[in-house]
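Below is one structure; the comments refer to it alone.
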Amino acid sequence: MGTIGVHEFITLDGVVDNPSWTFDYPFDPKMGDAIAAIMGPSKAILLGRRTYELFAPTWSTRTAADDPGAPFMNDTPKFVVSSTLGSADWNNSTILGPYSADAIRGLKERVDGGIYVSGSGTLVQAMLADRLVDELHLFVFPLALGAGQRLFADGAGATRFELAGCEAFDNGALHLSYRLAEPASKD
């Protein structure tokens, strides 16, 4: 059975949308190693429509010489959650249809290994609410934006996590990895 590992670039105030603000911070090679370690055991990629539409034209033209992650991004089977996407032309892409917790559970049952999710904030919010995320990798940048889509929306309800690891980078970012904790008992 597959496990879902989410990778997000996030600000101190929880903003995850359009992380172009990360360009203001030099890329630390150790961060690349951490992201590669998340991708490494993954046998599939799961994306929301907006992230897919951003990634497809960018990654599909990259080679290993351009970015060591390009072979993974281009060759790995990709599954897109969307109710509006008409076609998915990027190599090895399949449209799953609109979000359905059962469809995501079915994908986890079919994939023997990790399922990598990057960005895809709306999809990740839904999967967190349905307790479908096994690992949450937050790359926290030392910046507060004050506005934007947050990973945990107001009213999302309480979710407990267990710290699985942390690492600091020279650019000021932190990699915090979490596992979903068991729900508190209602004794």
Side-chain angles (χ1 to χ4, degrees), residues 1-10 16 19 29-56 58-82 85 87-140 151 159-167 174-183:
M1 179 168 197
T3 58
I4 293 179
V6 172
H7 153 222
E8 295 286 350
F9 290 143
I10 189 168
V16 294
K30 291 180 185 173
M31 185 180 290
D33 294 342
I35 294 168
I38 301 165
M39 291 174 164
S42 297
K43 304 297 182 201
I45 299 170
L46 178 61
L47 300 169
R49 178 193 51 83
R50 286 180 295 207
T51 301
Y52 177 85
E53 289 177 334
L54 290 171
F55 280 13
T58 303
W59 282 105
S60 64
T61 60
R62 289 185 185 167
T63 66
D66 300 323
D67 188 308
F72 171 80
M73 295 300 288
N74 287 314
D75 299 338
T76 303
K78 289 165 277 301
F79 298 90
V80 186
V81 174
S82 174
L85 192 63
S87 65
D89 300 326
W90 185 14
N91 187 39
N92 294 326
S93 295
T94 302
I95 300 171
L96 287 179
Y99 178 78
S100 158
D102 288 337
I104 302 301
R105 283 186 199 95
L107 180 64
K108 288 178 78 167
E109 289 174 10
R110 291 191 312 272
V111 174
D112 185 23
I115 301 169
Y116 174 74
V117 180
S118 180
S120 306
T122 302
L123 169 62
V124 171
Q125 286 176 336
M127 291 192 305
L128 285 166
D130 289 328
R131 301 187 57 82
L132 294 169
V133 174
D134 299 286
E135 299 173 2
L136 184 59
H137 297 271
L138 302 177
F139 289 80
V140 183
L151 181 59
T159 306
R160 295 181 56 91
F161 298 90
E162 297 172 350
L163 184 66
C166 60
E167 180 178 12
L174 295 173
H175 172 205
L176 304 174
S177 56
Y178 293 95
R179 287 184 298 269
L180 198 58
E182 293 299 318

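For reference, positions follow the sequence shown, starting with 1. Keep in mind that this is a model prediction, so the values were computed, not measured.
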Determine, stepwise, if the pair Leu96 / Leu46 fulfils side-chain contact (heavy atoms from CB on, under 4.5 Å).
-> CA-CA 10 Å; Leu96 287 179; Leu46 178 61; 3.9 Å; yes
State the OH-OG distance between Tyr52 and Ser82, to the nearest 0.5 angstrom.
-> 10.5 Å
Which value, rounded to the nearest 0.5 Å, describes the distance between His7 atom NE2 and Ser42 atom OG?
-> 11.5 Å
Backbone of Leu138 reached by a side-chain donor or acceptor of Tyr178 within 3.5 Å = no
Asp112, CG: over 12 other non-hydrogen atoms inside 6.0 angstrom = no
Output for pair (Ile38 CD1, Phe72 CZ), nearest 0.5 Å, gives 10.0 Å
Measuring from Arg179:CZ to Glu135:CD, what's the distance to the nearest 0.5 Å?
-> 8.0 Å
Say you draw a straight line from OG of Ser118 to CH2 of Trp59; how long is it, rounded to the nearest 0.5 Å?
-> 8.5 Å
Do any N or O atoms from the side chain of Asn74 and from the backbone of Thr63 form a donor-acceptor pair under 3.5 angstrom?
-> no
For Pro19 and Phe9 the tightest heavy-atom approach is CB-CB, 4.0 Å
Please work out which of the three classes, parallel, tilted or perpendicular, describes the rings of His175 and Phe139, given edges at 30° and 60°.
-> parallel
Mind listing the closest non-hydrogen atom pair of Lys108 and Thr3 along with its distance?
-> CE-CA, 4.4 Å
Is the backbone of Asp102 close enough, under 3.5 Å, to the side chain of Ser100 for a donor and an acceptor to pair up by distance?
-> yes
Is atom NZ of Lys30 surrounded by more than 12 heavy atoms (other residues, nucleotides or ligands) closer than 6.0 Å?
-> no
Is there a side-chain contact between Tyr116 and Ile35, using heavy atoms and a 4.5 Å cut-off?
-> yes
Inspect the surroundings of CZ in Arg62 and state if more than 12 heavy atoms from other residues, nucleotides or ligands are less than 6.0 Å away.
-> yes
Heavy-atom donor-acceptor pair, Thr76 side chain to Met73 backbone, under 3.5 Å = no
Going through the distances and angles, do Thr122 and Val81 end up as a side-chain contact (heavy atoms from CB on, under 4.5 Å)?
-> CA-CA 10 Å; Thr122 302; Val81 174; over 6 Å; no
Using atom types as modelled and distance alone, determine if a side-chain donor or acceptor of Asp130 lies under 3.5 Å from a backbone N or O of Leu132.
-> no
Tightest non-hydrogen contact, residues Ala64 and Ala70, listed as N-CB, 4.0 Å
Distance from Ile95 atom CD1 to Leu85 atom CG, nearest 0.5 Å?
-> 4.0 Å
Go through Leu180 and Phe161 one step at a time and tell me if the side-chain contact (heavy atoms from CB on, under 4.5 Å) criterion holds.
-> CA-CA 5 Å; Leu180 198 58; Phe161 298 90; 3.7 Å; yes
Kindly say whether Ser120 contributes a backbone atom to a donor-acceptor pair with the side chain of Thr51 at under 3.5 angstrom?
-> yes
Exam field: side chain Asp134 to backbone Ile4, donor-acceptor pair closer than 3.5 Å = yes
